[in-house]
Amino acid sequence: QVHLVESGGGLVQLGGSLTLSCEFSGRTFVHYAMGWFRQAPGNEREFVASITRPGGGGHTYYADSVKGRFTISRDSAKNTVFLKMNSLKPDDTAVYYCAADPTIVPLVKAWQIQNWGQGTLVTVSE
């Protein structure tokens with residue numbers, strides 16, 4: 001059973017930076033595509049960024065709203081995926097969830113995801 005634990009959320013001012021981490025356990029990390037999604041109050045869970053498994057090239061994908069500001073990466077030695085967030089805006093305020101699936105395709109649709117973390121709250125103040 002896959003277990004995902006996010007960390008790194010918190011309160012940050014407009015224009016600031018945060019790095020989220022998601023530690024993966026329970027299965028073989030390199031067999032899983034990884035992703036980050038977020039959910040603001042009253043909104044549906046939405047795609048933020050994803051990275052394919054190393055065997056699939058480790059390709060990265062981003063939502064248009066975060067492209068150029070966020071960077072997803074993975075460290076196979078640490079079984080961890082990261083989301084580096086720069087130039088944060090109040091619209092980025094949400095609970096951020098880590099996702100994992102044993103697939104070669106990128107994770108972009110929340111309804112397809114089998115494994116979720118518990119979420120970490122990011123709040124951006126003006």
Using the ring of each side chain (for Trp, its six-membered ring), is Y96 parallel, tilted or perpendicular to F70, with breaks at 30° and 60°?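 Aromatic pair Y96/F70 classed tilted.
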Which heavy-atom pair separates [X] from [Y] by the least distance, and what is that distance?
{"X": "A33", "Y": "R74", "answer": "CA-NH1, 4.2 Å"}
{"X": "Y62", "Y": "A49", "answer": "CD2-CB, 3.6 Å"}
{"X": "S50", "Y": "P106", "answer": "OG-CB, 3.6 Å"}

Is there a donor-acceptor contact under 3.5 Å from the side chain of [X] to the main chain of [Y]?
{"X": "Y61", "Y": "L107", "result": "no"}
{"X": "N79", "Y": "F29", "result": "no"}
{"X": "T52", "Y": "G58", "result": "yes"}
{"X": "R53", "Y": "H31", "result": "yes"}
{"X": "R45", "Y": "Y97", "result": "no"}
{"X": "T93", "Y": "V124", "result": "yes"}
{"X": "D101", "Y": "Q114", "result": "yes"}
{"X": "T80", "Y": "D75", "result": "no"}

Within one Ile-Leu-Val-Met-Phe-Trp-Tyr cluster: [X] and [Y], side-chain cutoff 4.5 Å:
{"X": "L20", "Y": "I113", "value": "no"}
{"X": "I104", "Y": "M34", "value": "no"}
{"X": "V122", "Y": "W116", "value": "no"}

[X] versus [Y]: any side-chain heavy-atom pair under 4.5 Å?
{"X": "W36", "Y": "M85", "value": "no"}
{"X": "F24", "Y": "N115", "value": "no"}
{"X": "V66", "Y": "R38", "value": "yes"}

Within 45 degrees of the axis of the six-membered ring of Y32 and under 6.0 Å from its centre: does R27 put its NZ or CZ there?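 Negative - R27 is either too far from the ring of Y32 or too far off its axis.
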Salt bridge (charged side-chain N to carboxylate O under 4.0 Å, His left out) between D92 and K89, intermediate numbers included: CA-CA 5 Å; D92 296 317; K89 309 173 183 178; over 6 Å; no
Sequence neighbours left out, cut at 3.5 Å: what donor-acceptor pairs do the side chains of residues 3-18 make with other protein atoms?
unit_1 : atom_1 : unit_2 : atom_2 : d
E6     : OE1    : Q118   : N      : 3.0
E6     : OE1    : Q118   : NE2    : 3.3
E6     : OE1    : G119   : N      : 2.9
E6     : OE2    : C98    : N      : 2.7
E6     : OE2    : G119   : N      : 3.2
S17    : OG     : N86    : OD1    : 2.9

For the atom pair CD1 (I72) and CZ (F82), what is the distance rounded to the nearest 0.5 Å?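 Going from CD1 on I72 over to CZ on F82, the span is 11.0 Å.
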Are there over 12 heavy-atom neighbours, none belonging to Q39, within less than 6.0 Å of that residue's CD?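 Yes, CD of Q39 has more than 12 neighbouring heavy atoms, counting only those of other groups under 6.0 Å.
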